[in-house]
Each structure stands twice: as structure tokens, then as C-alpha cells.
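All remarks here apply to the structure that follows.
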Number of protein chains: 2
Amino acid sequence: MTDSNSSLRGFDRSLPMALLRARESMMRQFRPMLAQHDMTEQQWRVLRALAASELPLDVGEIADATFLLGPSLSRILANLEGRNLLLRRAGETDQRRSAISLTADGRALFERIAPESEEIYGLIERSFGEDRLSELISLLAELEKS
Amino acid sequence: MTDSNSSLRGFDRSLPMALLRARESMMRQFRPMLAQHDMTEQQWRVLRALAASELPLDVGEIADATFLLGPSLSRILANLEGRNLLLRRAGETDQRRSAISLTADGRALFERIAPESEEIYGLIERSFGEDRLSELISLLAELEKS
DNA sequence: CGGCATTACTTCACATGTTAGACAATTTCT
DNA sequence: AGAAATTGTCTAACATGTGAAGTAATGCCG
């Protein structure tokens, strides 16, 4: 690292940059744990979405839940399917949709990762403070709508 | 879009996801304008960093200023150099570093984009409110340190 | 001075982000 | 029913994110 020179401070007051830096500092705490399970952060989001739903989901529902775009999700689903973590079946009424659900392997992997993830999130929550965290999430939600 | 089913709400209270969504809602407002100038958001960050500095910068300084990792920055610099927007010269004292500065073309492009960018940022600022925005940026900075 | 760790980047390999276009199944209109 | 628009998903093409390994110039130390 080189020392930062003061003529570049403009970035520090930029909201997009502040959001980027904050999120990166979050993910730095999760990624090593996920990597031990050969999971990227996006793959983990898909696993979570499927585990949270009793019924199978179609691609559009997973996209909405995980905030992933179609092309990324397409590749991620192919990857997870290849690892026998999820299963795709053709939709009943609409042949365009596919019903996607976790396999036993997928659910088992979710059960292993979930508590580790919760523990890290808990550490962040306690370190930052639940009140401020809740305040922050509210502001972010309002920003998204504005 | 499919209607969201209530069993997937878990994501909404997740800070990493909230940060991702908020940032995406920001960038959606900037990207079309940048695309008109054949600029990605990251290329624009590099241009800004160089324009803000009187002296040439080396790669490490640009990386710190723009929050880009080495490999990404390497490719972006090659791209911008190929478009004659910036210039690399070998460092005086240390041959490993390169002194990077904008060309006349690069500076001209910066001057065209900067006011449009400022206008969009101003709209967001007024819409969200300067006080809340400032509060939000403070919280984000604290989160990054915690 | 010569070996050796360090530093500043770059390159590689793989995964995702982003936009635009392709395609097939469905719906709508006539 | 048949043509046209719409919808759900995928592919293509290019740019970036990420971790690991490679390379060349410096600095350190005996």
C-alpha cells in the first residue's frame, strides 16, 4: 500500500463508493468461510433462497429473491446442478418455467454452512450494535425507494 | 417479474443484501449516462482519480483511490491506454512503478462527463435529503471500521 | 558484491456483472 | 385457428471480481 495523498478525498464523500466499501468490508468476513465449502457468495444466496422455500422455485423467483440477474443465475444454477446440489424439473402448467429444488446433498450442505454464517453475522451485529444496524438497514431501504 | 412469496423474507433484513440493493439502485441512475460515453463505472472512477490529482499517479495509488483490485485495474488501464485517454511513463527513481496521467483526450472526456455526473448525484442528494445522506455515509464509514 | 526476501505489478483461471440478442412456450388478437 | 406480441429463460460478448502464481526491479544483509 502506498500512502494516500490528500487531493483524492472526493471519493470519500461519494455514496456509491461508501456503499461499495462497506459491502466489501462485510463480505471479507464471510468469504473465507464460504470458500472452505467451495461456495461463492452468490451460490450461497441461491442455496439460502431454495432452503427457505418449502416449494420448488422457478428461475424468476430465485432471481428476485437473490437479486441476481438472469445470465449470472443461469450459470450459477448450471454449476450447482452439476454438483448435485439442486434439481430442475420441467414446470407442470408452463413448460417455460422449471421447478428447482435442493437435493439431499444441497440441503445437507446448507445445514452445515448456515450456523457458521449466522455466527459471523452475529459477531458483526454485536460489534456494530443492533440499534445502529437496524437504523442503517432502514436508511438503505429508503434510499433504494427514493 | 413473479410475485414474491413471503417465505423468502430473510434476505430483506440481511445487511450485505441491503448494501447490494442500495448500491445497485444508485448505479442504475449513473450507468446509462456513462454508457453514452463508452465508460463503465470503474473506468470512470479511474478517470476521476487521475483528474483529481495534479501529479501523475502510480498503479498502487490509483488502486487505493478507486478501491479496485490489481488485476481489474491492470485491465482497465490497458483499455484506457489503448483509447488514448491516459499515458504511462516509467517511474524516475523506481522502475517498477509507472507514472500515469491523463492525455488531453482523457482530460477532455472527464470535463464532458463530470457535470453530468454531478447533476445526477445532485438529484439523488436532493431527493434523499442531505441530512439523511450525510447520516448514511457516516454509518457506512463506521461499519467499515468496526 | 552476491544471494534473498520484498515490493509493485501483471498474468492466469475461474466466477460474476451487464447489455443485447436468440428462442421456445404462452397468451392475445383478429 | 393463425399471426403477432409477450414472457421466461438462455447464450453471447465483453468487462470486472477474486485468489493464486509469475515476473522484474529494489532493498537488505552477510
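In this text the structure is predicted, and so the values were computed from the model without any measurement. Chain A is the first sequence line, chain B the second, and so forth, proteins listed ahead of strands; every chain is numbered from 1. The figures that follow rest on heavy atoms only: side chains count, while hydrogens, waters and symmetry mates do not.
Side-chain atoms of B:Arg96 stay outside donor-acceptor range of the base of C:dA8, with no qualifying N/O pair under 3.5 Å.
Counted by atom type alone, A:Arg83 and A:Asn79 present one or more donor-acceptor pairs between their side chains at under 3.5 Å.
Summarising the geometry, the separation between CD on A:Glu61 and C1' on D:dT7 is reported as 14 Å, rounded to the nearest angstrom. Here the P atom of nucleotide D:dT9 and the CG atom of A:Asp94 are 8 Å apart, to the nearest Å. Rounded to whole Å, atom P of D:dA25 lies 17 Å from atom CG of B:Asp58. At whole-Å resolution of the value, CG in B:Asp64 and C1' in C:dA8 are 12 Å apart. Rounded to an integer number of Å, the gap from CD of A:Gln95 to C1' of D:dC10 is 16 Å. In this structure, A:Leu77 atom CG and D:dC10 atom P are separated by 7 Å, rounded to whole Å.
Because its NZ or CZ atom is not both nearer than 6.0 Å to the ring centre of B:Phe110 and within 45° of the ring axis, B:Arg48 does not count as a cation-pi partner of that residue.
A:Glu61 and A:Pro56 make their closest contact through OE1-O, 4.2 Å (heavy atoms, listed as atom of the first residue, atom of the second, distance).
Note on ring orientation: taking the six-membered ring where Trp is involved, the planes of B:Phe30 and B:Tyr121 are tilted (angle from 30° to 60°).
No side-chain donor-acceptor contact under 3.5 Å links B:Arg88 to the backbone of B:Ser98. Side-chain atoms of A:Ser74 never come within 3.5 Å of backbone atoms of A:Pro71 as a donor-acceptor pair (strictly under, hydrogens ignored).
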- Contact state string [nucleotides 11-20 of chain D, B base, S sugar-phosphate only, - no protein heavy atom under 4.0 Å]: BBB-SBBBBB
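Residue-level contact check: B:Arg88 touches the backbone only, with heavy atoms under 4.0 Å from sugar-phosphate atoms and none from bases.
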